[in-house]
Amino acid sequence: MVGNVTELDPTAGSKVGFEQEAIPHLDAVYRFALRLSGAPDHAEDLVQETFLRAYKSWNQYTTGTAAKSWLFTICRNVFLRGQERGKRHDEIVEENLGRDGPGVPAVNPIWSSVLGADPEGDFFESIVDGRIVSAIDSLPEEYRTTVVLSDIEGLPYAAIAELMEVPVGTVKSRLFRGRRQLQGVLYDYAVEMGYIADRSGTGA
Amino acid sequence: MTTRSRWATSPIAQERGHNAMSMIEKLRALLGGAAVKAATEDGHESQDMMSCEQAITVLQEFLDGELDQIPEDQVRAHFDACERCYPYLKFEGAFRDAVTRATTGQTAPPDLRAKLMELMSQAGA
Ligand SMILES: [Zn+2]
């Protein structure tokens with residue numbers, strides 16, 4: 001409406017910048033919040049809190065940097081703080097997760113399960129959206145967040161590492177383990193549903 | 001449903017401190033000589049082609065567009081030519097397609113944007 005608002009009024013300019021740079025990520029932040037919290041009304045609260053905080057600290061944000069990652073960071077921090085007040089049911093102890101030690105073997109154990117029956121993973125196509133989403137939601141938060149940020153939001157390893165405040169190696173490890181856990185859940189479901197013969201070859 | 005996914009094409013080159021060799025070493029121990037043997041039996045020109053162990057080791061990075069030590073073309077060439085490794089690429093691709101397909105339709109409720117705008121004007125501009 002008014003020309004050169006940004007130059008005349010820094011506060012109004014900041015609001016314009018926020019609407020242009022932060023609001024377009026609303027769907028992505030909502031999707032992320034939904035996967036973090038697992039419930040639409042909780043996700044809405046989370047999104048509102050995220051954008052309110054982002055808005056209040058908008059002067060700390062540098063134009064041109066990754067607004068989406070910044071919003072995800074705020075969103076996750078808000079979520080985790082809420083978790084601390086409540087119960088922390090899905091905490092993982094990174095060290096206990098593998099016989100494999102700190103590294104992740106590149107050979108996926110599930111490949112041998114599907115060998116002969118469905119080596120190219122056609123069964124994934126048979127699984128309905130809701131079932132895949134609930135399988136993602138069943139992952140521990142660290143895995144869930146990593147898988148969601150990489151496989152759904154397409155963030156690079158480096159951005160996820162910065163967001164979660166862990167080294168890139170940890171991102172890769174969580175990503176690989178999270179994907180395998182998710183594949184395992186979906187594989188079991190596919191066997192149960194008869195989309196795939198079980199590993200003994202006797203399943204329907 | 002055929003979803004053309006980002007991992008098939010995106011060449012995101014990120015500088016990372018990943019040591020591919022140590023993982024290959026680890027994998028060699030896991031696989032023994034079987035993979036190399038299978039590759040040569042498939043009729044590969046093994047002196048030009050990366051090994052199956054190498055290909056499998058970098059599969060996730062390849063699909064993520066995060067290769068940092070091996071050119072994308074070289075990895076693609078292996079999976080295109082190797083009967084043994086190709087299904088693994090397809091399997092991981094099918095998994096990612098399913099995750100993408102199951103979640104992309106999700107958008108914020110229509111009234112949430114309006115709520116945010118109201119919230120922000122209350123917060124003061
Ligand atoms: Zn191979």
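Residue numbering restarts at 1 for every chain, and letters A, B, ... go by the order of the sequence lines.
A donor-acceptor contact closer than 3.5 angstrom links the side chains of B:Asp64 and A:Tyr157. A donor and an acceptor atom, one from each side chain of A:Ser57 and A:Arg53, are nowhere located under 3.5 Å apart.
With respect to chain B, the highest number of heavy-atom pairs below 4.5 Å among A:Glu120, A:Arg31, A:Lys56, A:Arg131 belongs to A:Glu120. Highest contact tally toward chain A, considering only B:Thr104, B:Leu119, B:Val99, is held by B:Leu119 [criterion: heavy-atom pairs under 4.5 Å].
The aromatic rings of A:Trp111 and B:Tyr88 lie parallel to each other, with less than 30° between the two planes, well short of the 60° mark. Between A:Trp58 and A:Trp70, the angle of the ring planes lies from 30° to 60°, which puts this pair in the tilted group.
If you measure heavy-atom distances from A:Arg35 to chain B, the contacts under 4.5 Å come from the side chain alone. In this structure, chain B has a heavy atom under 4.5 Å from the side chain of A:Tyr30, while its backbone stays farther away. Looking at B:Leu59, the atoms closer than 4.5 Å to chain A (heavy atoms on both sides) all sit in the side chain, from C-beta outward.
At least one side-chain heavy atom of A:Ser113 sits under 4.5 Å from a side-chain heavy atom of A:Tyr187. Taking the side chain as every heavy atom from C-beta outward, A:Glu125 and B:Asp97 never approach each other to under 4.5 Å.
Not counting sequence neighbours, the partners of A:Asp129 by the salt bridge (Lys or Arg N to Asp or Glu O under 4.0 Å) test are B:Arg101.
Atom CD1 of B:Ile56 and atom CD of B:Glu92 lie 9.0 Å apart (nearest 0.5 Å).
Among residues 42-51 of chain A, the residues having any heavy atom closer than 4.5 Å to a heavy atom of chain B are, in sequence order, A:Glu44, A:Val47, A:Gln48, A:Phe51.
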